[in-house]
Amino acid sequence: MTPVRPEFAPDASLSRSEMEQLQRDLAETAVFEDEFDFDPAAVRAESSDSEQVQLGQTTGQAETVDSEPPVVAGVDQAFAADGEKAVSAIVASRGGEVIERVHAVEPVEIPYIPGLLSFLEGGAILSAFEALSVEPDLAVVDGSGRIHFRQAGIATHIGVMLDLPAVGVAKNLLCGRPRESLDGYLPEGARVAIEADDSVTAPEGTVIGHAYQSRQYDNPEKRHVNPLYVSPGHRASADTATDLVGRLCAGYKLPEPTRLADQFADEMKADVGD
DNA sequence: GCGACAG
DNA sequence: ATCTTGTCGC
């Protein structure tokens, strides 16, 4: 698919202040509330036999069409050639079934700067989306969305440019303040709101995402897992973004679309010449 | 000056 | 993100 808002292209030749201004403009365009063309409750991480039966039955065409799970695009990056090439991988799946995999390789133009990640990886991701044939309903991007200084993390950048519902899934917290301490043991399924503090361009206290415990061990003393940081990218609220990620997890810390893209990115990286 | 920082 | 062996725990 092609960008609907090309004016927001993550041009790596922009000055730092121009990049930051572009992000502020991007955040103005971003929609941090649910705006889907699909039923979020129909999103699933794994395929089920019952669905196969339904699709095969002759119980009304409209019904069978509606029962088709939304297409989710998992997006992840890897770097090759000593960090000089950015490899972006997208794995599209429907109800857990992989339906397409594409990738793109672009030269790395700038170093990693916290807050400006989309200018490092955005180009490769958009190239990969150009190569994608299917129309995804949702994108799950590695990195933050609204949990960002200017509310325009990479998930927001990609979502707005493609006008595609997107959620960001990060392994570390970029900014914001957890409503409750995350030091203690969080049981599986727990979510803690991440609020805007003075480092974020949003009213103090605005919920910009959640710390989400997608996986946890039973014994708090022996071993524990760190939570995921989920935030709206575009056309999704913080609550629904976390609901969606929860539905996309299948026993592992990371949601399935991310794991699939992660794996494919590694394969393509080796292909390019690790 | 100090602190803080996705991938 | 990436560089890397073994090792602890379920």
Side-chain angles (χ1 to χ4, degrees), chain A residues 10 12 16 19-20 23 26-27 74-90 103 105-126 128 139-159 166-178 182 185 188 194 196-201 208-212 215-234 241 245 251-255 258-259 261-270 272-274:
Chain A
R16 181 158 180 162
M19 292 179 175
E20 296 177 347
Q23 293 182 321
L26 194 68
V75 185
D76 190 44
Q77 278 65 238
F79 294 89
D82 284 308
E84 290 178 20
K85 298 284 187 180
V87 179
S88 180
I90 299 176
H103 81 285
V105 180
E106 294 289 347
V108 168
E109 313 273 15
I110 60 173
Y112 163 68
I113 300 171
L116 299 178
L117 183 64
S118 51
F119 293 88
L120 171 66
E121 307 180 330
I125 294 177
L126 291 167
V140 175
V141 183
D142 65 306
S144 292
R146 196 182 188 185
I147 294 180
H148 179 275
F149 310 120
R150 293 166 291 282
Q151 303 182 78
I154 194 162
T156 302
H157 209 126
I158 297 304
V167 301
V169 177
K171 302 179 202 68
N172 292 288
L173 188 60
L174 173 62
C175 61
R177 176 204 334 118
L182 299 178
Y185 176 87
E188 195 161 300
I194 300 300
D197 54 20
D198 56 20
S199 75
V200 181
T201 62
I208 55 178
H210 293 105
Y212 175 64
R215 171 146 197 224
Q216 188 54 282
Y217 292 122
D218 300 321
N219 194 329
E221 306 304 320
K222 297 293 181 180
R223 209 178 181 76
H224 67 85
V225 179
N226 292 135
L228 242 32
Y229 296 94
V230 181
S231 60
H234 182 49
V245 170
Y252 294 89
K253 172 174 177 173
L254 295 173
T258 301
R259 299 183 66 240
D262 204 60
Q263 173 194 316
F264 190 50
D266 276 338
E267 288 177 32
M268 294 304 96
K269 176 182 70 170
V272 173
D274 192 358

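In what follows, every chain begins at residue 1, and chains take the letters A, B, ... in the order their sequences are listed.
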Chemist: Go through the steps to decide whether A/Val245 and A/His210 satisfy the test side-chain contact (heavy atoms from CB on, under 4.5 Å), and finish with yes or no.
Modeler: CA-CA 11 Å; A/Val245 170; A/His210 293 105; over 6 Å; no
Chemist: Which nucleotide wins on minimum distance to the side chain of A/Glu121, given the candidates C/dT2, B/dC5, B/dG7?
Modeler: B/dG7
Chemist: Which whole-number value in Å describes the distance from A/Gln151 CD to B/dA6 C1'?
Modeler: 16 Å
Chemist: Rounded to whole Å, please give me the gap between NZ in A/Lys85 and C1' in C/dA1.
Modeler: 17 Å
Chemist: How about A/Leu120 and A/Phe79: do any of their side-chain heavy atoms sit closer than 4.5 Å?
Modeler: yes
Chemist: Which sits closer to the 5' end of DNA chain C, A/Asp218 or A/Asp262, going by the nucleotide each is nearest to?
Modeler: A/Asp262
Chemist: Rounded off to whole Å, could you give me the CZ-to-C1' distance for the A/Phe149 and B/dG7 pair?
Modeler: 13 Å
Chemist: Expressed as a whole number of angstroms, how long is the span from A/Tyr112:OH to B/dC5:C1'?
Modeler: 6 Å
Chemist: Out of C/dT2, C/dA1, B/dC5, which has the shortest distance to the side chain of A/Lys171?
Modeler: C/dA1
Chemist: What residue among A/Leu228, A/Val140, A/Asp142 forms side-chain contact (heavy atoms from CB on, under 4.5 Å) with A/Leu254?
Modeler: A/Leu228
Chemist: Just checking A/Ala86: base, sugar-phosphate only, or nothing, at a heavy-atom cut-off of under 4.0 Å?
Modeler: nothing
Chemist: Counting any heavy atom closer than 4.0 Å, what does A/Ile125 reach on the DNA or RNA strands: base, sugar-phosphate only, or nothing?
Modeler: nothing
Chemist: 5'-most contact on DNA chain C: A/Tyr217 or A/Gln77, nearest heavy atom basis?
Modeler: A/Gln77
Chemist: It should be established whether A/Asn172 places a side-chain nitrogen or oxygen under 4.0 Å from OP1 or OP2 of nucleotide B/dC5.
Modeler: no
Chemist: Taking side chain as C-beta onward, heavy atoms only, is A/Tyr112 less than 4.5 Å from A/Leu117?
Modeler: yes
Chemist: May I ask you to verify if any side-chain N or O of A/Lys269 is less than 4.0 angstrom from the OP1 or OP2 atom of C/dA1?
Modeler: no
Chemist: Rounded off to whole Å, could you give me the CG-to-C1' distance for the A/Asp266 and C/dT2 pair?
Modeler: 11 Å
Chemist: Looking at B/dG7, B/dA6, C/dT2, which one has an atom nearest to any side-chain atom of A/Asp142?
Modeler: B/dG7
Chemist: To the nearest Å, how far apart are A/Arg150 CZ and B/dA6 P?
Modeler: 13 Å
Chemist: Does the pair A/Lys269/A/Asp266 count as a salt bridge with the N-to-O cut at 4.0 Å?
Modeler: yes
Chemist: Whole-Å distance between C/dG9 P and A/His224 NE2?
Modeler: 13 Å
Chemist: Describe the nucleic acid contact of A/Tyr229 in one word from base, sugar-phosphate, nothing, applying a heavy-atom distance below 4.0 Å.
Modeler: nothing
Chemist: Is A/Ile154 touching bases, backbone alone, or none of the nucleic acid, heavy atoms closer than 4.0 Å?
Modeler: base
Chemist: Take the protein atom CD1 of A/Ile113 and the nucleotide atom P of C/dA1, then report the distance between them rounded to whole Å.
Modeler: 18 Å
